[in-house]
Amino acid sequence: MEKKEDLEIALIRYNKKTWCKSALLGFFVGLAVIVPGISGSTVAIIFRLYDQFLYALGNLFRQFKKCFFFLLPIGIGIVIGLLLGFIAVEKLLAVLPFAVVGLFAGLMCGSFPAVKDELKGAKMTGKRIALLVVGALIPIAIGVLSVALNASAGETGNVFADVRVWQIIVCIPVGYVVGLTQIVPGLSASAILLALGWFRSLVDSVSLTFWKSEPMIFLVYAALAVGFLLGIFTFSRFLTWIFGKARHTAYSMIVGLSLGSIVAMFYNPDVFSVYVSWTENGVNAADLVLGIVLFAVGVVGAYLLVRYQRKKDAEALASPQRQGPSEPSDSSGQTQEGSKN
């Protein structure tokens with residue numbers, strides 16, 4: 001019984017401000033499925049909600065009421081992020097792809113110090129340094145692999161134009177891996193789908209015309225959703241357990257994943273096609289300049305948010321008596337057990 005309580009994580013009781021904060025987190029998680037290189041869980045770390053997010057996912061069926069109401073605004077944000085991603089971001093990527101990537105890369109770059117803060121005070125042993133390096137290489141390797149696979153495949157039609165049974169079955173493990181990307185910082189759902197050559201096909205399938213011509217696509221969506229839910233619910237519990245045992249060691253790889261994902265945002269099939277177009281047709285000066293400007297805006301904006309959160313955390317530690325019952329005793333919601341390592 002003692003051990004179980006050691007692993008308990010307090011979930012915040014929402015007020016208007018924290019409810020909106022969680023909805024914004026969900027929005028970025030939903031957007032992360034559409035925009036290459038974005039990691040919704042990195043945003044969760046910035047907002048100091050990552051540990052609580054993992055705990056609520058992993059314990060949803062054991063503590064349904066408490067976890068459900070914590071996850072509700074996040075779920076609403078996810079739906080909005082997905083819809084906006086399909087409707088707006090994809091259209092912007094088609095018109096000004098480098099500018100859009102520049103903005104999101106800037107946001108991730110500016111927010112990186114918040115991820116690195118999780119290793120503050122940790123002794124960087126050889127094992128932790130190795131995990132950090134491996135973590136940084138994983139998103140870069142995925143980006144390189146996805147570019148190579150898409151280049152070798154060439155231009156093809158929609159892979160789901162004629163849905164087959166084996167595709168539906170394969171969608172379950174693929175959905176599981178996509179689910180993992182939403183809770184492991186630095187991994188990108190779209191990068192995984194790009195590596196498989198499924199990303200553009202899935203995005204293009206979201207239309208009434210396609211649904212009428214191939215109604216079996218809904219079985220593909222359902223299989224992906226089942227795998228996705230299995231991935232986030234099962235792996236979130238595993239990560240919570242890992243953080244309780246060796247938090248700093250686990251975060252060594254997560255910091256690497258986040259760092260590598262910033263690089264991978266500038267090297268994936270969508271962005272690589274922009275470089276190819278610039279080589280063949282000349283550089284799109286408006287897209288390039290706007291991308292550089294938005295990158296700088298993203299860096300500054302995200303870093304100001306990080307500094308604001310650091311200031312709030314410092315004030316909370318300096319004046320613990322002012323902390324109300326709606327907030328957990330630690331800004332990340334973690335227990336004493338989870339911060340030992």
Side-chain angles (χ1 to χ4, degrees), residues 1-14 18 21-22 25-26 28-29 32 39-75 77-78 114-122 127-128 131-132 134-135 138 175-187 189 227-258 309 313 327-341:
M1 188 68 180
E2 182 71 23
K3 186 175 181 181
K4 180 181 177 181
E5 290 183 358
D6 282 343
L7 296 175
E8 198 78 17
I9 291 178
L11 301 180
I12 60 175
R13 296 172 187 173
Y14 286 127
T18 54
K21 187 178 179 181
S22 289
L25 164 61
F28 278 104
V29 172
S39 175
S41 47
T42 302
V43 180
I45 293 174
I46 300 167
F47 287 176
R48 299 291 192 266
L49 290 172
Y50 184 56
D51 293 89
Q52 298 171 66
F53 182 47
L54 289 182
Y55 182 83
L57 287 172
N59 292 275
L60 178 62
F61 300 107
R62 294 177 60 197
Q63 303 176 46
F64 181 78
K65 184 178 179 180
K66 180 174 75 171
C67 295
F68 173 79
F69 282 107
F70 174 80
L71 292 171
L72 180 60
I74 298 176
I78 288 174
V115 183
K116 187 172 65 68
D117 283 350
E118 295 293 336
L119 289 179
K120 190 175 182 179
K127 180 171 73 172
R128 289 174 179 171
L131 286 172
L132 192 151
V134 170
I138 288 174
Y176 189 93
V177 174
V178 170
L180 299 190
T181 67
Q182 300 311 294
I183 57 176
V184 180
L187 296 184
F228 179 85
L229 293 174
L230 285 173
I232 61 175
F233 287 132
T234 60
F235 208 74
S236 59
R237 190 166 179 80
F238 171 72
L239 279 180
T240 299
W241 177 80
I242 286 292
F243 290 153
K245 296 294 181 182
R247 184 176 183 81
H248 284 154
T249 300
Y251 258 99
S252 296
M253 174 167 274
I254 287 175
V255 169
L257 287 167
S258 298
Q309 188 63 54
D313 292 342
E327 296 288 344
S329 59
D330 176 70
S331 60
S332 65
Q334 73 191 52
T335 61
Q336 186 177 3
E337 172 74 12
S339 60
K340 285 181 180 178
N341 295 291

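- Listed by chain and residue number, nothing satisfies the ring pair (Phe, Tyr, Trp, His ring centres under 6.0 Å) test with Tyr176 (two or more places apart in sequence, or in another chain).
- Note on ring orientation: taking the six-membered ring where Trp is involved, the planes of Phe243 and Tyr251 are parallel (angle under 30°, cut-offs 30° and 60°).
- Residues Arg62 and Arg237 have side chains in contact (heavy-atom distance under 4.5 Å, counting atoms from C-beta outward).
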Leu132 vs Met253, side-chain contact (heavy atoms from CB on, under 4.5 Å): CA-CA, chis, key distance, verdict: CA-CA 4 Å; Leu132 192 151; Met253 174 167 274; over 6 Å; no

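- In Lys21, the NZ atom is crowded: over 12 heavy atoms of neighbouring residues, nucleotides or ligands sit closer than 6.0 Å.
- To the nearest 0.5 Å, the span separating SG on Cys67 from CD on Gln52 amounts to 10.5 Å.
- By the 30° and 60° cut-offs, the orientation of the rings of Phe64 relative to Phe68 is parallel.
- Shown here are the side-chain hydrogen bond (donor to acceptor under 3.5 Å, both in side chains) partners of Asp117, two or more places apart in sequence or in another chain: Arg310.
- Heavy atoms only, all atoms of each residue included: His248 and Leu119 are closest at O-CD2, 3.3 Å.
- The shortest side-chain heavy-atom distance between Leu60 and Phe70 does not fall under the 4.5 Å cut-off.
- Taking the six-membered ring wherever Trp is involved, the centroid distance between the rings of Phe238 and Phe235 falls below 6.0 Å.
- For the pair Leu11 and Lys66, the tightest heavy-atom approach, listed with the atom from each and the gap, is CD1-CG, 3.8 Å.
- Shown here for Leu180 and Gly231, the closest heavy-atom pair between the two residues is CD2-O, 3.8 Å.
- What you find for Lys116 and Val255 is that their closest heavy atoms are CA-CG2, 4.2 Å.
- Separation of atoms OG (Ser236) and CG (Leu57) is listed at 4.5 Å; rounding is to 0.5 Å.
- Inter-residue side-chain proximity for Asp51 and Thr240 is flagged as unmet; no heavy-atom pair is nearer than 4.5 Å.
- In this structure, Ile232 and Gly179 approach most closely via the heavy-atom pair CG2-O, 3.2 Å.
- The side-chain hydrogen bond (donor to acceptor under 3.5 Å, both in side chains) search around Ser22 returns Tyr14, not counting sequence neighbours.
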